[in-house]
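In what follows, a structure is listed as structure tokens, so that the remarks can point back to it.
Chain identifiers are assigned alphabetically (A, B, ...) following the order of the sequence lines, protein sequences preceding nucleic acid strands; residue numbering begins at 1 within each chain. Both backbone and side-chain heavy atoms feed into the values below; hydrogens, waters and symmetry mates do not.
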Amino acid sequence: MLDIRRVRSNPQEVLKALERRHADLKLDAFLALDEQRRRLLVEVETLKNQRNTVSEQVGKMKKAGQDAEPLMLQMRDVNQGIKEKDEIIRGLDEKIQAILYNIPNIPHTSVPEGKDEQDNLEVRRWGERPQFDFPAKPHWEIGEGLDILDFERGGKVTGARFTFYKGLGARLERALINFMMDTHAHAGYTEVFPPFIVNKYSMIGTGQLPKFADDMFKLDGLDYYLIPTAEVPVTNMHRAEVLDVQELPKAYCAYSACFRAEAGAAGRDTRGLIRQHQFNKVELVKLAHPEKSYEELEKLTNDAERILQALGLPYRVVCLCAGDIGFSSAKTYDLEVWLPSFNTYREISSCSNFEDFQARRADIKFRPAPKAKAEFVHTLNGSGLAIGRTVSAILENYQQADGSVIVPEVLRPYMRVDVITKR
RNA sequence: GGAGAGGUGGCUGAGCUGGUCGAAGGCGCUCGACUCGAAAUCGAGUAGGCUGUGAAAGGCCUCGUGGGUUCGAAUCCCACCCUCUCCGCCA
């Protein structure tokens, strides 16, 4: 959420900054409603002031044994006016909130211009792409060949986009979670195991609601949602809190299952592990001092990259252009891993600085100095990494002619085998 | 799920027979005095949001949340949420 005062006082500046997103936005309705609201507010507050003063007077008169009946009668009328105006104001408030909640964040000045993913800027590449002297198979074929992935039965038991991992596949999934968590915890992130279900306030806090309700699974009859990412519970952990400046930056790593309805993704990535309704992910979350948040974004991105490096997976870092960054983000780096069967790099991590956009929604502040006024923190997060896509990348990049898959060095202590072969 | 108790400012804890209560006292914190310095002691200050303004002053709202009663509610009524204790059930 943007600062309402900023939108009010500099609508042109805000509009101009948002134009970079290539999202068609207008603020006329907002400005009109806002002005109307403030005018009514002055009116109703004058009436309330009158009520308060007169009520006090009534109390005094009664104590003195005087007749206060006329005043009380008069106040009854005043109350009617208050009630009516309050009603209108409440309606305006709702409309204004709705508009404000649906305005995306302003891209940072360092974010490149551009309309869609075509215009994203490659920042760097790492690693050697593997050369195969045999036709490289897609990960689902490798997985089914080794009997470690079972898409058929996932479909039977639940539905499309659900998968069973079996044997060394299941162990690989678990090994990756543990390896990533261990690595990040060692790098200074505090380990968190969050709830996988959150209430709507948390979803609003990080920006999933109200705009993206269709993308989520909601529990029937409850205001509870399955989390689409650990970002939601972990960031909201500090909702409505004022943190001590010394606590910043707060850095968390959290494993969670993630649930996404994938509305509008029908027909895309229908095979394999790339796009599932349920997947695992290790997430990094930071709450940072506003002056340090961009520094922290670079560090967080590097921390995620280190996982790919340790696993020996070729990847590139892309800075998303203004037209492609997410709704809540001010700047985003995507990490894209090389997938031989796709002959392309595919997103495996997304690292963003949300500045105070989420903090304002979730009311997360810090006190810069002992007596100073509390300010909003900057929130950041990034995948470190998406487990399912990491499995895909390992299977494809480490596949051998006989259909087996070499286990990356760093995972061997967790896997207790060097090669995944068909049993 | 059943029975009971409770949710007040950074913390603790009064108020809850409705009327200068945004809220006593204590602790903590900040500033000042005292001191060579510190402790102790003394004095002053110490919630947030909205609105308003050039900036102020001022005004409105907030005692878990949302309604209601009333001229007036932290105090009365209703609903909901959360916490604690006991019982039941359960991985």
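A gap of 15 Å separates the C1' atoms of B/rA23 and B/rU12, to the nearest Å. Comparing B/rG25 with B/rG13, their C1' atoms sit 8 Å apart, to the nearest whole Å. Of the P atoms belonging to B/rG68 and B/rA74, the separation is 15 Å, rounded to the nearest Å. Comparing B/rG49 with B/rA44, their P atoms sit 27 Å apart, to the nearest whole Å. Across the P atoms, B/rG9 and B/rG48 are found 13 Å apart, a figure rounded to whole Å. Between B/rC90 and B/rG15, the distance separating the two P atoms is 43 Å to the nearest Å. Atom name C1', nucleotides B/rG7 and B/rG64: the rounded distance is 6 Å, in whole Å. Across the C1' atoms, B/rG43 and B/rG54 are found 37 Å apart, a figure rounded to whole Å.
Between B/rU20 and A/N52, no contact under 4.0 Å exists linking OP1 or OP2 to a side-chain N or O. Remark: A/K200 is not in phosphate contact with B/rC81, judged by side-chain N or O atoms under 4.0 Å from OP1 or OP2. For A/R37, a side-chain nitrogen or oxygen approaches OP1 or OP2 of B/rU51 to under 4.0 Å. Residue A/R367 has no polar side-chain atom (N or O) positioned under 4.0 Å from OP1 or OP2 of B/rC29. For B/rG49, one of the phosphate oxygens OP1 or OP2 lies less than 4.0 angstrom from a side-chain nitrogen or oxygen of A/K365.
Counting to the nearest Å, the C1' atom of B/rC82 and the CG atom of A/N199 are 12 Å from each other. If you measure from atom CG of A/D93 to atom P of B/rG49, you get 17 Å, rounded to the nearest angstrom. Rounded to whole angstrom, the span from the CD atom of A/E35 across to the C1' atom of B/rU51 amounts to 14 Å. Across the protein-nucleic acid pair, A/D3 atom CG and B/rU51 atom C1' stand 15 Å apart, rounded to whole Å. The CG atom of A/L243 sits 14 Å away from the P atom of B/rG10 (whole-angstrom rounding). Rounded to a whole Å, the CG atom of A/L41 is 12 Å from the P atom of B/rU53. For the pair A/K48 NZ and B/rC50 C1', the interatomic distance rounds to 11 Å; values are reported in whole Å.
Closest to the side chain of A/N49, out of B/rG59, B/rG48, B/rC71, is B/rG59. Taking every side-chain heavy atom of A/V42 into account, B/rG52 is the closest of B/rG52, B/rC71, B/rC61. Of all nucleotides listed (B/rG49, B/rU69, B/rG19), B/rU69 comes nearest to the side chain of A/K83. Counting only heavy atoms from C-beta on, A/R51 has its side chain closest to B/rC61 among B/rC61, B/rG19, B/rC50. Here B/rG52 is the nucleotide among B/rC71, B/rC61, B/rG52 with the atom lying nearest to any side-chain atom of A/R38. Among the nucleotides B/rG49, B/rG59, B/rG19, the one closest to the side chain of A/E45 is B/rG59.
Here B/rA91 sits opposite no nucleotide as a Watson-Crick or G-U wobble pair (both hydrogen-bonding atom distances under 3.5 Å). The nucleotide B/rU35 finds no pairing partner, because no Watson-Crick or G-U wobble arrangement with both distances shorter than 3.5 Å includes it. When both distances must be under 3.5 Å, the Watson-Crick or G-U wobble mate of B/rG18 does not exist. Under the Watson-Crick or G-U wobble criterion, with both distances below 3.5 Å, B/rA56 has no partner in any strand shown. The partner of B/rA5 is B/rU83, judged by Watson-Crick or G-U wobble contacts that both fall below 3.5 Å. If you check B/rC29 for Watson-Crick or wobble pairing at under 3.5 angstrom, you find it paired to B/rG45.
Checking A/H238, A/E231, A/K286 one by one against A/Y252, the side-chain hydrogen bond (donor to acceptor under 3.5 Å, both in side chains) holds for a single residue, A/H238. Of the residues A/D324, A/D334, A/T332, the one that meets the side-chain hydrogen bond (donor to acceptor under 3.5 Å, both in side chains) test with A/N120 is A/D324.
The nearest heavy atom of RNA chain B to A/V44 and to A/V58 marks one nucleotide each, and the one closer to the 5' end goes with A/V44.
No engagement by A/R360 is indicated, since no non-hydrogen atom pair under 4.0 Å with the nucleic acid exists. In this structure, A/K85 reaches neither bases nor backbone, as no heavy-atom distance under 4.0 Å exists between it and the strands shown. Residue contacts for A/R39: at a heavy-atom cut-off of 4.0 Å it reaches no nucleic acid atom on any strand shown. Counting non-hydrogen atoms under 4.0 angstrom, A/K62 reaches a base of the nucleic acid. Counting non-hydrogen atoms under 4.0 angstrom, A/L71 reaches nothing in the nucleic acid. A/V54 comes within contact range of no nucleotide atom at all, as no heavy-atom separation falls under 4.0 Å. Counting non-hydrogen atoms under 4.0 angstrom, A/M75 reaches the backbone sugars and phosphates but no base.
A/H277 and A/F217 have perpendicular rings, their planes meeting at more than 60° on a 0 to 90° scale where under 30° would count as parallel. Taking the six-membered ring for Trp and thresholds of 30 and 60 degrees, A/F212 and A/F327 have ring planes more than 60 degrees apart, a perpendicular arrangement.
The closest donor-acceptor contact from the side chain of A/R37 to the backbone of A/D93 lies at 3.5 Å or more, if one exists at all. The closest donor-acceptor contact from the side chain of A/R174 to the backbone of A/Y414 lies at 3.5 Å or more, if one exists at all.
Within a 6.0 Å radius of CD in A/E409, other residues, nucleotides and ligands contribute 12 heavy atoms or fewer.
Here the closest non-hydrogen pair linking A/Y398 and A/L311 is OH-O, 2.6 Å.
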